[in-house]
Amino acid sequence: ALAEPEPARGPALHVHRERHGRHRDAPRAPLCAVCGARPVYVESRSAGRLGLCQGCYADEVRRRAEDRKRLNAARRQLERAEEARANQGKGQA
């Protein structure tokens with residue numbers, strides 16, 4: 001009696017359960033957008049937003065820090081050059 005399909009549910013339920021199991025598996029974590037080998041580091045909001053694993057996220061943070069240093073140095077150099085030009089113009093006037 002228990003092995004027979006219940007009339008309200010029909011045989012489609014049993015076909016579905018045979019194919020997919022009684023309970024759906026937990027959703028799989030998405031893979032890293034860069035390496036594609038490891039799951040996305042969801043503990044970090046920014047890594048999850050970028051879709052990166054922990055290793056690729058660490059590389060990205062390091063690369064961005066280096067870029068920021070280089071851009072800040074270029075900005076300071078430009079500001080110094082503008083100050084020098086401004087001071088030169090004051091000396092001539």
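All values below were derived from every heavy atom in this structure, side-chain atoms included, with hydrogens, water molecules and symmetry-related copies excluded. None of the values given here were measured: they were computed from a predicted structure.
Inter-residue side-chain proximity for Glu60 and Leu52 is flagged as met; some heavy-atom pair is nearer than 4.5 Å. A 4.5 Å side-chain heavy-atom check between Cys32 and Gln54 finds every atom pair outside the cut-off.
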Exercise. Yes or no on salt bridge (Lys or Arg N to Asp or Glu O under 4.0 Å) for Asp67 and Arg70, after CA distance, side-chain angles and deciding distance?
Worked result: CA-CA 5 Å; Asp67 287 350; Arg70 192 171 51 250; 2.7 Å; yes
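The structure places CD of Gln77 at 11.5 Å from CD of Glu82, a figure rounded to the nearest 0.5 Å. Interatomic distance, OH of Tyr57 versus CZ of Arg49, reported as 8.0 Å (0.5 Å rounding).
In terms of heavy atoms, Pro39 sits closest to Cys53 at O-CB, 3.4 Å. Shown here for Leu50 and Ala33, the closest heavy-atom pair between the two residues is O-CB, 4.3 Å.
Crowding of Arg45 atom CZ: a count of heavy atoms from other residues, nucleotides or ligands under 6.0 Å not exceeding 12.
Glu66 has no carboxylate O lying under 4.0 Å from a charged side-chain N of Lys69, or vice versa, which leaves the two without a salt bridge. The residues Arg62 and Asp59 are annotated as salt-bridged, a charged nitrogen and a carboxylate oxygen being separated by less than 4.0 angstrom.
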